[in-house]
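Hydrogens, waters and symmetry mates play no part in the numbers below; they use all other heavy atoms, side chains included. The model shown is predicted, which means the values in this text are computed figures rather than measured ones. Counting starts at 1 for both ligands and their atoms, following the listed order.
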Amino acid sequence: MALRGPLSRLLRFTLSSCQQNRSHSVAVLGAPFSKGQKRRGVEHGPKAIRDAGLVERLSNLDYAVHDFGDLTFKHLEKDEHFMHVPFPRTVGRANQLLSGAVSGAVGAGHTCIMLGGDHSLAIGSVEGHAQQCPDLCLIWVDAHADINTPLTSPSGNLHGQSVAFLLKDLQNKMPEVPGFSWMKPFLSARDLVYIGLRDVDPGEHIILKTLGIQYFSMRDIDRMGIQRVMEVTLDHLLARKQRPIHLSFDIDAFDPSLAPATGTPVNGGLTYREGIYVTEEIHNTGLLSVMDVVEVNPTLGATPEAVDSDFSKLNQCRHMKTHLEFAKKATKGPSDCEK
Ligand SMILES: NC(=[NH2+])NCCC[C@H](N)C(=O)O
Ligand SMILES: [Mn+2]
Ligand SMILES: [Mn+2]
């Protein structure tokens, strides 16, 4: 009995904020940023997801939700292209700011949900997470691999290059992009799994194969089923040791019939149940530490009126369980509530 006080203090001391049970405290961080690609509107993603009822729903599930509001990003005046990459310094600076915010939230003991914004924001989100949890693993749910380097990228857009900035294994293939000197790549190719791929550029395909990255394309999901895909994913990442999970969820992983309001939709995506099953299995590990919900662009809905009325109807849905559903529903009409 006498040991109880000191022992529990010792345990608290030796457990990092990554290893503590954070499941009941959630930080929401809005990142209204769109300069990682060329279409306007994705900066309204955080508002669309909040308006769909994210915070209320999480609170109803007994999570203590701390909404830290939206970060304020600056568009830098002097920001010339680097090669054919637009806004490198603006994107670099935004990610530096986001990295600090995510690191702070995780360090304070929260599970963090980052609402984008375009997918270039995963650079700062994963980097900030890794500052607190250097042994994290990354599950990237997306139609795209977002692993182009500035040299392989067909578009130049940084939202299609985020993973290349994170990977140690690509260090010697990456030029020095202005705006990113604050960070060094830290992630190993074996600590990453993709789910939902169906639009991969030729250079990306070579990188995936050369580095032996574990990925599940839509065809793999057709063949194996989502249940087996999740078994292999979690085994690949967690068999050696239990560690914090970073889930980076690009809403375009869903089929465009479910989530049309996104900048680079690709046919043949995840069904509603497949997408939710991925998040349920991750939830069941108890290891989710940070989640990005990105590429929700409400201005790409049918009409602004339709988007508005969708949001109000969405708030009437009663059966939604996970925060991801809000993001998807922010891009989808009301009929889905009935499914
Ligand atoms: N996060 C996204 N939606 N990325 C789309 C990337 C599309 C294409 N592969 C590119 O690099 O430009
Ligand atoms: Mn995508
Ligand atoms: Mn993406």
Ring geometry between His110 and His66 (parallel below 30°, tilted from 30 to 60°, perpendicular above 60°): tilted
Short N or O distance, Asp199 and ligand 1, threshold 3.5 Å exclusive: no
Nearest non-hydrogen protein atom, atom 7 (C) of ligand 1: His144 CD2, 3.9 Å
Minimum-distance protein heavy atom relative to atom 11 (O) of ligand 1: Asn148 ND2, 3.0 Å
Glu295, any N or O under 3.5 Å of ligand 1 N or O: yes
Any side-chain donor near an acceptor of the partner, Gln161 and Thr149, under 3.5 Å: no
Protein N/O/S count near the Mn ion (ligand 3) (criterion: distance under 2.8 Å): 4
Atom 9 (N) of ligand 1: the protein heavy-atom neighbour that sits closest, reported with distance to 0.1 Å: Asp201 OD2, 2.6 Å
Ion pair Lys35/Asp79, N-O distance below 4.0 Å: no
Ring geometry between His81 and Phe87 (parallel below 30°, tilted from 30 to 60°, perpendicular above 60°): tilted
The one among Glu204, His159, His119 that brings a heavy atom closest to atom 2 (C) of ligand 1: His159
Distance filter under 4.0 Å to Gly160 heavy atoms, resulting ligand 1 atoms: 6 (C), 11 (O)
Protein residue, atom and distance nearest to atom 4 (N) of ligand 1, heavy-atom basis: Asp146 OD1, 2.9 Å
Location of contacts on Asp250 toward ligand 1, heavy atoms closer than 4.0 Å: side chain
Heteroatom distance test (Thr264, ligand 1): nitrogen or oxygen, under 3.5 angstrom: yes
Protein contact to atom 10 (C) of ligand 1 [nearest heavy atom, distance to 0.1 Å]: Ser155 OG, 3.5 Å
Salt-bridge contact Arg228-Asp235 (side-chain N to carboxylate O under 4.0 Å): no
Glu295-His159 side chain donor-acceptor pair, cut-off 3.5 Å: yes
